[in-house]
Amino acid sequence: DNTQGYANSETGEFSINQIYGSRILVGNAEWRVPLTGPERLARFKSRLLFTSVALFADAGVAWDSSSKPVLKQVAESPNERIPFLSGGLSLRVNLMGAMVIEGYYAFPWRADHFGKGVFGLNFTPGW
């Protein structure tokens, strides 16, 4: 159990305290391709089903006045906050403008989690 607020260098496990803070820095890069939809935009023509696929990369770090962000894989003290990095593939389906359902498969960019992907599902308003 890691109650000190930083990543355990032996197990590589992160403390939940690494994602809390009054300051955050996040970033995202995507390459999105329309799969089905209007003929001029999408690979496959459809008047009812609008989908897109994307490759993405995400990064984020949180800190507060008593800690600082550092570019390392493992924090050596509770005052060092390390970034979380991931990349993956997603599929978005627009349900007639009312809702967007997005499934994704993401891979954390950490040596101890190499090849261990995570599946998730997001539901968002269509507007």
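In what follows, residues are counted from 1 in the order of the sequence shown. Heavy atoms only: backbone and side chains are in, while hydrogens, waters and symmetry mates are out.
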side-chain hydrogen bond (donor to acceptor under 3.5 Å, both in side chains) filter on S22, not counting sequence neighbours, yields none
Taking all non-hydrogen atoms of both residues, which atom of A62 and which atom of G21 are closest, and how far apart? CB-N, 4.2 Å
Reported CG-to-OG1 distance for the pair L91 and T51, which is rounded to 0.5 angstrom: 6.0 Å
Within residues 20-29 or reaching into it, pairs that qualify as salt bridge (Lys or Arg N to Asp or Glu O under 4.0 Å) - sequence neighbours excluded: none
Taking only residues two or more places apart in sequence or in another chain, which ones pass side chain to side chain contact (heavy atoms under 4.5 Å, CB included) with V100? R92, N94, T124
Checking S86 now: which residues fulfil side-chain hydrogen bond (donor to acceptor under 3.5 Å, both in side chains) with it, not counting sequence neighbours? none
Treating Ile, Leu, Val, Met, Phe, Trp and Tyr as nodes and any side-chain heavy-atom pair under 4.5 angstrom as an edge, say whether W31 and L35 lie in one connected cluster. yes
Nearest-0.5 Å distance, NZ of residue K45 to OG1 of residue T36: 13.0 Å
Just by modelled atom types, is the G103 backbone N or O under 3.5 Å from a matching donor or acceptor in the S90 side chain? no
Does Y20 share a hydrophobic cluster with F84, counting links as ILVMFWY side-chain heavy atoms below 4.5 Å and allowing steps through other members? yes
Output the rest of the hydrophobic cluster of Y104: all Ile, Leu, Val, Met, Phe, Trp and Tyr residues reachable through side-chain heavy-atom contacts under 4.5 Å, sorted by chain and number. F56
Within this structure, what is the CG-CG distance for the pair L71 and L85, rounded to the nearest 0.5 Å? 9.0 Å
For K72, give me all partners under side-chain hydrogen bond (donor to acceptor under 3.5 Å, both in side chains), at least two apart in sequence or on another chain. E76, E80
Those residues at least two apart in sequence (or on a different chain) that pass side chain to side chain contact (heavy atoms under 4.5 Å, CB included) with I101 are L95, M99, L121, F123
Connected to W63, directly or through other members, by ILVMFWY side-chain contacts below 4.5 Å are L25, V61
Can you tell me how far apart CG (L55) and CG (L89) are? Round to the nearest 0.5 Å. 5.5 Å
Listed by chain and number, what are the salt bridge (charged side-chain N to carboxylate O under 4.0 Å, His left out) partners of R32, not counting sequence neighbours? E30
